[in-house]
**Student:** 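Just passing along the structure, written as structure tokens.
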Amino acid sequence: MLTVHAADAVIGAPDGADSVAVDGGAVVAVGRYAELTAARPQARVRRWSGLITPGLLNAAAPALLEAAYHPDPREADEHGTEPLTGDALIALGMDDARWGASARRGLQRMLRHGTTAVRGPFTRPAVRTAVARSGLRVHAPGPAPEAASLDPLASVPEPGDAFAAALTVGCPADLAVFDVPDLAALRTEGAGSCTATVLGGRLVFRRS
């Protein structure tokens, strides 16, 4: 469905751009809200507060999904809510089914941080299946951050270093929205300030 996502500014676009038009799974225009909507009066409009950026790349995904357990909310009393690693992970006696369920929860947490792409490789079959079904883009192996974090911004000097791709016409409609006024605030607040994530044109996360 043709949709115009409008915010206070679009990062990685010409000065003055505050909106992105998406049709199907692709970006079809980037520019000023008045211009984009005038040319597309039939478009659905989604208004956001803050910044629209390209979706983020989490380069620590193998560690987060294959060397950590993301507890089910129903296990919070026993295991808490943060990922379990080390001895706590070993004590769980993980099997394929549990790895798959953990990966699915981990991927949902990534989406809540504006992540639309992950860096591989993934060696556990259950994790590979979960990643494939999530729709997240999988990038080739590369350098991994020293500390794994659900926040891709935590391990890079500038927010732009974590963008998965350039935001241009014709590219996949993978977007993140952050409730911050500028890039300096995004550096300070981190990806936890994400209010929406769009993956292939689909709204896959929206903060309630």
**Student:** Rounded to the nearest 0.5 Å, how far does CZ of R47 lie from CG of D8?
**Tutor:**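 That separation rounds to 10.5 Å.
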
**Student:** Any heavy-atom pair between the side chains of H113 and L56 that's under 4.5 Å?
**Tutor:**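 A side-chain contact is absent here, since even the closest heavy-atom pair is not under 4.5 Å.
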
**Student:** If we only count heavy atoms from C-beta on, is the T116 to T197 side-chain gap below 4.5 Å?
**Tutor:**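 They are in side-chain contact.
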
**Student:** Counting only N and O atoms by type, is there a donor-acceptor contact under 3.5 Å from the side chain of D151 to the main-chain atoms of G190?
**Tutor:**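 No, the answer is negative, given that no donor and acceptor are paired below the 3.5 Å cut-off.
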
**Student:** Salt bridge or not between R109 and E82? Use side-chain N to carboxylate O under 4.0 Å.
**Tutor:**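 Salt bridge present between R109 and E82.
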
**Student:** Please check if any side-chain donor atom of E66 sits under 3.5 Å from a side-chain acceptor atom of T123, or the reverse.
**Tutor:**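 Yes - a donor-acceptor pair under 3.5 Å links their side chains.
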
**Student:** For H5, does its backbone N or O pair with a side-chain atom of R46 as donor and acceptor, under 3.5 Å?
**Tutor:**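 Looks like no, no N/O pair under 3.5 Å.
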
**Student:** Where do L153 and L186 land on the side-chain contact (heavy atoms from CB on, under 4.5 Å) test, with the steps shown first?
**Tutor:** CA-CA 9 Å; L153 302 177; L186 181 56; 3.7 Å; yes

**Student:** First locate atom CD1 of I11, then atom CG of L175, and finally report the distance between them rounded to the nearest 0.5 Å.
**Tutor:**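 It is 12.5 Å, given to the nearest 0.5 Å.
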
**Student:** Could you report the tightest heavy-atom contact between L36 and A29, atom names first, then the distance?
**Tutor:**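 Nearest pair, atom of L36 first, then A29: CD2-O, 3.9 Å.
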
**Student:** For the CG atom on D95, are there more than 12 heavy atoms of other groups (residues, nucleotides or ligands in this structure) within a distance under 6.0 Å?
**Tutor:**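 Atom CG in D95 is crowded, with more than 12 foreign heavy atoms closer than 6.0 Å.
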
**Student:** Could you check if a side-chain atom of R44 sits within less than 4.5 angstrom of a side-chain atom of L2, using non-hydrogen atoms only?
**Tutor:**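 They are not in contact (no side-chain heavy atoms under 4.5 Å apart), so the answer is no.
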
**Student:** Over all heavy atoms of both residues, which pair between A162 and V156 is shortest? Give the atoms and the distance, please.
**Tutor:**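 Nearest pair, atom of A162 first, then V156: CB-CG2, 4.1 Å.
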
**Student:** Are T115 and P152 side-chain neighbours, meaning at least one heavy-atom pair lies under 4.5 Å?
**Tutor:**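 Yes, their side chains come closer than 4.5 Å.
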
**Student:** Can V27 and T168 be said to form a side-chain contact (heavy atoms from CB on, under 4.5 Å), step by step?
**Tutor:** CA-CA 7 Å; V27 172; T168 57; over 6 Å; no

**Student:** Check whether any side-chain heavy atom of F205 sits under 4.5 Å from a side-chain heavy atom of L199, and report yes or no.
**Tutor:**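 A side-chain contact under 4.5 Å is absent here.
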
**Student:** So if you build clusters from Ile, Leu, Val, Met, Phe, Trp, Tyr with side-chain heavy-atom gaps below 4.5 Å, do V198 and V10 land together?
**Tutor:**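 Yes, it is one cluster - the side chains of V198 and V10 are joined through contacts under 4.5 Å.
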
**Student:** What distance separates T195 OG1 from F178 CZ, expressed to the nearest 0.5 Å?
**Tutor:**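 The distance works out to 8.5 Å.
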
**Student:** So, using side-chain hydrogen bond (donor to acceptor under 3.5 Å, both in side chains) as the criterion, who are the partners of W99 when residues are at least two apart?
**Tutor:**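 W99 satisfies side-chain hydrogen bond (donor to acceptor under 3.5 Å, both in side chains) with no residue once adjacent residues are dropped.
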
**Student:** How many angstroms lie between CD in E75 and OG1 in T81, if you round to the nearest 0.5 Å?
**Tutor:**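 Going from CD on E75 over to OG1 on T81, the span is 12.0 Å.
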
**Student:** With a 4.5 Å cut-off on side-chain heavy-atom distances among I, L, V, M, F, W and Y, is there a chain of contacts connecting L111 to L203?
**Tutor:**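 Different clusters: L111 never reaches L203 through Ile, Leu, Val, Met, Phe, Trp or Tyr contacts under 4.5 Å.
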
**Student:** If we only count heavy atoms from C-beta on, is the R98 to L92 side-chain gap below 4.5 Å?
**Tutor:**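 SC-SC contact between R98 and L92 confirmed.
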
**Student:** Among side-chain atoms of D179 and S193, is any donor-acceptor pair under 3.5 angstrom?
**Tutor:**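 No donor-acceptor contact under 3.5 Å links the two side chains.
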
**Student:** Working to the nearest 0.5 angstrom, can you tell me the gap between R32 CZ and S19 OG?
**Tutor:**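 R32 CZ to S19 OG: 10.0 Å, rounded to 0.5 Å.
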
**Student:** Given 3.5 Å as the limit, does a donor-acceptor pair link the side chain of R119 with the main chain of A60, or not?
**Tutor:**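 Not confirmed, R119 side chain does not pair with A60 backbone.
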
**Student:** Indicate, with yes or no, if L150 and F163 share a hydrophobic cluster defined by side-chain heavy-atom contacts under 4.5 Å among Ile, Leu, Val, Met, Phe, Trp and Tyr.
**Tutor:**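 Result: no, two separate clusters.
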
**Student:** If hydrophobic clusters are built by linking Ile, Leu, Val, Met, Phe, Trp and Tyr wherever their side-chain heavy atoms come under 4.5 Å apart, do V127 and M110 end up in the same one?
**Tutor:**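 As far as the 4.5 Å side-chain criterion goes, M110 and V127 are connected within one cluster.
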
**Student:** Show the nearest heavy-atom pair for residues A130 and G100, with the distance to one decimal.
**Tutor:**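 Scanning both residues, the minimum pair turns out to be CB-O, 4.2 Å.
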
**Student:** Should we say atom CZ of R133 is surrounded by more than 12 heavy atoms from elsewhere, each under 6.0 Å from it?
**Tutor:**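 Counting other residues, nucleotides and ligands, CZ of R133 stays at 12 neighbours or fewer.
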
**Student:** Could you report the tightest heavy-atom contact between A164 and H139, atom names first, then the distance?
**Tutor:**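 Looks like O-CE1, 3.4 Å.
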
**Student:** Is there a side-chain contact between Y69 and P83 (heavy atoms, below 4.5 Å)?
**Tutor:**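 No, side chains not in contact.
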
**Student:** Taking the side chain as C-beta and beyond, is there a heavy-atom pair between V131 and T129 under 4.5 Å?
**Tutor:**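 No; the side chains remain at least 4.5 Å from each other.
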
**Student:** Is there a continuous path of hydrophobic side-chain contacts, each under 4.5 Å between heavy atoms, that joins V30 to V177?
**Tutor:**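 Yes.
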
**Student:** For a quick test of reading the model, state the closest non-hydrogen atom pair linking A7 to I52 and the distance between them.
**Tutor:**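 Scanning both residues, the minimum pair turns out to be CB-CG1, 3.6 Å.
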
**Student:** Around atom CD of E146, are there more than 12 heavy atoms from other residues, nucleotides or ligands closer than 6.0 Å?
**Tutor:**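 Open: at most 12 neighbouring heavy atoms sit under 6.0 Å from CD of E146.
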
**Student:** Charged N to carboxylate O below 4.0 Å: is that the case for R137 and D174?
**Tutor:**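 A salt bridge is present here (some side-chain N lies under 4.0 Å from a carboxylate O).
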
**Student:** Would the distance check show the side chain of H70 and the main-chain N or O of L64 forming a donor-acceptor pair, the cut-off being under 3.5 Å?
**Tutor:**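 A pair under 3.5 Å: yes.
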
**Student:** Looking only at heavy atoms, what is the nearest atom pair of A117 and L136, with distance?
**Tutor:**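 Scanning both residues, the minimum pair turns out to be N-CD2, 3.9 Å.
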
**Student:** Just jot down the side-chain hydrogen bond (donor to acceptor under 3.5 Å, both in side chains) partners of D96, sequence neighbours excluded, or say none.
**Tutor:**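 D96 satisfies side-chain hydrogen bond (donor to acceptor under 3.5 Å, both in side chains) with no other residue.
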
**Student:** If you measure from CE on M94 to OG on S102, what distance do you get to the nearest 0.5 Å?
**Tutor:**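 The OG atom of S102 is 5.0 Å from CE of M94, to the nearest 0.5 Å.
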
